[in-house]
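What follows is a short report on a single structure.
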Amino acid sequence: MAELRHPPGTFDVMPAESGPWQSVVTTFAGVVASAGYGLILTPTFEDIGVFQRIGESTDVVRKEMYDFLDKGQRHVALRPEQTASVVRAFIQHRPTTPWKAWYAGSQFRFERPQAGRYREFHQVGIEAFGSADPDLDVEVVALGWEFYRAMGIHRMELLVNSLGDAACRPSYRQLLVDYLNSRHDELCDEHRDRIADNPLRVLDCKRPECRSVTASAPRQVDHLCADCAAHFARVTEGLAALSIPFTMQPTLVRGLDYYTRTTFEYAGTALESAQNALGGGGRYDGLVAAMGGPDTPAVGFALGVERILLALTAEAVTPRPVALLDAFVVDFSGGAAARDLTARLRAAGLRVDRSFDARSPKAQFKAADRSGARLALIVGPDEAAAGTVALKDLQNVGEQVSVPSELVVGEVTRRLI
RNA sequence: GUGGCCGUAGCUCAGUCGGUUAGAGCGCCAGGUUGUGGCCCUGGAGGUCGGGGGUUCGAGUCCCCUCGGUCACCCCA
């Protein structure tokens, strides 16, 4: 049992299963590149202060932070999400706005793992800084929508809400606090004592007790100031104009305290509710300033890679596996000929593998077959003497032809078309 | 943090009432075929039965502890 294994809540993606992972990232990169987003890489860990700005009353900060003291006694944390890191980078480097960035990478939250939820998980996302234009909210939401469509996910609904801003949130918040206090005894244990702490969070509690209370709670959308109302109207108008269906969800507050105005979530309808959040995001006009930067509006989203893969499975959308190899070289003369031929073919841009250890012909052909290569290229004493390479089609029956050695690259290329 | 379920070969699993040398299928390797894959046949390698302790003449099987996995609750990705 002293066997080494990955830590709890983490996993390996072996080459045989990594195809869908690759397609998530390449598809996402293509979609966001079409709108001018550039790739950003930030550290996997940051000073814990970076993430504490997410909000002291959020679960992410209160109980899910994967933090520790390093050898220099610095209190650091593995990033639980990437928006805070991107904001920190924005403030540190002060790029000119509008500024658009996308990312892909690991996130960490220290909690008990279960289906679709891990201690190390993966997200792709975008962040756009420097504009409060509601059309930018629409662009961001639309890019996520387009990405899911490109992945082949259709059983999904888009939930949207507006949380207001500094002008209208406080008065609404008080309204909500008063309401919740009036029905204090009916709430679930966890939220009964947190009304003053973070009343909005009560809205997305899934427990029946809280649900029956929040069903008739005052809604932020009914108490928006004129600016927020106009902003939200323009967002919904834009989504309609782009033919993106959405559902108004007045209780959608999401787990992070920094959101203002627009919030949204892509919910997979083919998945269990415990892990149906495929992705989500919103506007966070106050976060940059709160973290010490210039007053800068921003909006973005993060999409969960594991959830995307779950949804693909649930919808039975299996991305077609791609062949890893064009050709497999079989050598009956010891290996030197295979060494030289694979090098030539690879230099010509072909994907080629071979056997090692001078294995038997049967074993080499078996390996060629398992590799999925389209062609087997055979070199041995006979071919060496004649200056040729035998070329065999592994996917159709039988056919084997002899090609002059110097013409092999051209012949292989021709046959792959 | 709390709770349910599960740990036997690389994988999926069987293993009766506690009984002698722990099995199957798939996969892997080799041979059948001195230079030809898939199908077939034959053979082989591969196990601390998660770990420790206990009961017993005897434990994969029963008991205790422990480690790991998995699922759920809250919340999220």
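Within every chain, numbering begins at 1; the chains are lettered A, B, ... in the order of the sequence lines, protein sequences first and strands thereafter.
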Subject >> A:Lys366 side chain, from C-beta outward: closest of B:U36, B:G37, B:A77 >> reply: B:G37
**OP:** With C1' as the reference atom in both, quote the distance from B:A59 to B:U42 in angstrom, rounded to an integer.
**Re:** 36 Å
**OP:** Tell me whether the OP1 or OP2 atom of B:C76 has a side-chain N or O from A:Gln275 closer than 4.0 Å.
**Re:** no
Subject >> Candidates B:G37, B:G69, B:G35 - which lies nearest the side chain of A:Asp382 >> reply: B:G35
Subject >> Out of B:A77, B:G37, B:G35, whichever nucleotide has its closest atom nearest the side chain of A:Asp369 >> reply: B:G37
**OP:** Among the candidates B:U36, B:C75, B:C73, find the nucleotide nearest to the side-chain atoms of A:Arg201.
**Re:** B:C75
Subject >> Involving RNA chain B, stems made of at least three consecutive Watson-Crick or G-U pairs, both distances under 3.5 Å >> reply: B:1-7 with B:67-73, B:10-13 with B:23-26, B:28-32 with B:40-44, B:50-54 with B:62-66
Original post:
Can you check the A:Asp12 CG to B:G69 P distance for me, whole Å?
Top reply: 12 Å
**OP:** Provide, to the nearest angstrom, the distance between the CZ atom belonging to A:Arg119 and the P atom belonging to B:U70.
**Re:** 11 Å
Subject >> A:Lys206 side chain, from C-beta outward: closest of B:C75, B:C71, B:G37 >> reply: B:C75
**OP:** Go through the N and O atoms of the side chain of A:Glu111 and the base of B:A77, and report whether any donor-acceptor pair is under 3.5 Å.
**Re:** yes
Original post:
Which word best sums up how the rings of A:Phe129 and A:Phe90 line up, parallel for under 30°, tilted for 30 to 60°, or perpendicular for over 60°?
Top reply: parallel
Subject >> Point-to-point distance, once rounded to the nearest 0.5 Å, from CG of A:Leu350 to CZ of A:Arg344 >> reply: 10.5 Å
**OP:** Could you work out the separation of B:G25 and B:G44 based on their P atoms and round it to a whole Å?
**Re:** 13 Å
Subject >> Partner set under ring-ring contact (aromatic ring centres under 6.0 Å, His included) for A:Trp145, not counting sequence neighbours >> reply: none
Original post:
Among B:G68, B:A77, B:G35, which nucleotide sits nearest the side chain of A:Arg109?
Top reply: B:A77
**OP:** Rounded off to whole Å, could you give me the NE2-to-P distance for the A:His6 and B:G69 pair?
**Re:** 6 Å
Original post:
So what does A:Ala368 touch, heavy atoms closer than 4.0 Å: a base, only the sugar-phosphate, or nothing?
Top reply: nothing
Original post:
Using a cut-off of 4.0 Å on non-hydrogen atoms, how would the nucleic acid contact of A:Asp204 be classed: base, sugar-phosphate, or nothing?
Top reply: sugar-phosphate
Original post:
With A:Phe301, which residues qualify under ring-ring contact (aromatic ring centres under 6.0 Å, His included), at least two apart?
Top reply: none
Original post:
Just by protein heavy atoms under 4.0 Å, how would nucleotides 41-47 of chain B read 5' to 3' in B, S and -?
Top reply: -------
**OP:** May I ask you to evaluate whether A:Arg359 reaches the phosphate of B:C29, defined as a side-chain N or O under 4.0 Å from OP1 or OP2?
**Re:** yes
Subject >> Touch class at under 4.0 angstrom, heavy-atom based, for A:Leu278 against every strand present >> reply: sugar-phosphate
Original post:
Using the C1' atom in both, what is the distance from B:U61 to B:U20, to the nearest Å?
Top reply: 15 Å
Original post:
Mind checking the P distance from B:G35 to B:C71? Whole angstroms is fine.
Top reply: 50 Å
Original post:
How is A:Glu383 classified with respect to the nucleic acid when contacts are heavy atoms under 4.0 Å: base, sugar-phosphate, or nothing?
Top reply: base
Subject >> Rounded distance in Å between the P positions of B:G52 and B:C17 >> reply: 27 Å
Subject >> Span that lies between the C1' atom of B:G23 and that of B:G31, in whole angstrom >> reply: 25 Å
Original post:
Is any side-chain heavy atom of A:Leu391 closer than 4.5 Å to a side-chain heavy atom of A:Ile378?
Top reply: no
Original post:
To the nearest Å, how far apart are A:Leu271 CG and B:C71 P?
Top reply: 14 Å
Subject >> Length of the line joining A:Leu252:CG and B:C75:C1', which is rounded to integer Å >> reply: 13 Å
Subject >> A:Glu272 atom CD, over 12 foreign heavy atoms within 6.0 Å >> reply: no
Original post:
Considering residues at least two apart in sequence or located in another chain, which fulfil the ring-ring contact (aromatic ring centres under 6.0 Å, His included) criterion with A:Tyr148?
Top reply: A:Tyr266
Subject >> Pair listing, ring pair (Phe, Tyr, Trp, His ring centres under 6.0 Å) test, anchored in residues 325-377 of chain A, at least two apart >> reply: none
Side chains of residues 303-313 of chain A: which donor-acceptor partners sit under 3.5 Å, not counting sequence neighbours?
from: A:Glu306; atom 1: OE1; to: A:His122; atom 2: N; distance (Å): 3.0
from: A:Glu306; atom 1: OE2; to: A:His122; atom 2: N; distance (Å): 3.1
from: A:Glu306; atom 1: OE2; to: A:His122; atom 2: ND1; distance (Å): 2.7
from: A:Arg307; atom 1: NE; to: A:Gly116; atom 2: O; distance (Å): 2.8
from: A:Arg307; atom 1: NH1; to: A:Ala277; atom 2: O; distance (Å): 3.2
from: A:Arg307; atom 1: NH2; to: A:Gly116; atom 2: O; distance (Å): 3.0
from: A:Thr313; atom 1: OG1; to: A:Leu309; atom 2: O; distance (Å): 3.0

Original post:
When only distance counts, do a donor and an acceptor, one from the side chain of A:Gln364 and one from the base of B:U36, lie under 3.5 Å apart?
Top reply: no
Subject >> Rounded interatomic separation in angstrom, taking CH2 from A:Trp21 and P from B:A77 >> reply: 16 Å
Original post:
At under 4.0 Å between heavy atoms, what does A:Arg254 touch on the DNA or RNA strands: base, sugar-phosphate, or nothing?
Top reply: sugar-phosphate
Original post:
Can you name the residues that form a ring-ring contact (aromatic ring centres under 6.0 Å, His included) with A:Tyr66, not counting sequence neighbours?
Top reply: A:Phe110
Subject >> side-chain hydrogen bond (donor to acceptor under 3.5 Å, both in side chains) contacts touching residues 252-265 of chain A (sequence neighbours left out) >> reply: A:Ser57-A:Asp257, A:Glu81-A:Tyr258, A:Asp137-A:Thr262, A:Asp165-A:Arg261, A:Asn198-A:Asp257, A:His231-A:Arg261, A:Arg254-A:Glu265
**OP:** Give A:Pro8 one of three labels, base, sugar-phosphate or nothing, depending on what nucleic acid heavy atoms sit under 4.0 Å from its own.
**Re:** sugar-phosphate
Original post:
Looking at residues 75-90 of chain A, who's got a heavy atom less than 4.0 Å off RNA chain B?
Top reply: none
Original post:
Do A:Leu175 and A:Asp178 come close enough that some side-chain heavy atom pair is under 4.5 Å?
Top reply: no
Original post:
Say you pick atom C1' in B:C13 and the same atom in B:G60; how far apart are they, in whole Å?
Top reply: 14 Å
Original post:
From the list B:G3, B:G37, B:C73, which nucleotide is the closest neighbour of the side chain of A:Arg112?
Top reply: B:G3
**OP:** Just jot down the salt bridge (Lys or Arg N to Asp or Glu O under 4.0 Å) partners of A:Asp204, sequence neighbours excluded, or say none.
**Re:** none
Subject >> First of A:Tyr266 and A:Ala390 reached from the 5' end of RNA chain B, by closest nucleotide >> reply: A:Ala390
Subject >> Residue whose closest nucleotide on RNA chain B lies nearer the 5' end, A:Leu394 versus A:Val60 >> reply: A:Leu394
**OP:** Could you work out the separation of B:C40 and B:C26 based on their P atoms and round it to a whole Å?
**Re:** 8 Å
Original post:
Roughly, in whole Å, what's the span from CG in A:Leu203 to P in B:C75?
Top reply: 11 Å
Subject >> Below 4.0 Å: OP1/OP2 of B:C71 and any side-chain N or O of A:Gln114 >> reply: no
Subject >> Residues which pass salt bridge (Lys or Arg N to Asp or Glu O under 4.0 Å) with A:Arg169, listed by chain and number, not counting sequence neighbours >> reply: none
**OP:** For the pair A:Thr97 (side chain) and A:Trp99 (backbone), establish whether a donor and an acceptor sit closer than 3.5 Å, ignoring hydrogens and angles.
**Re:** no
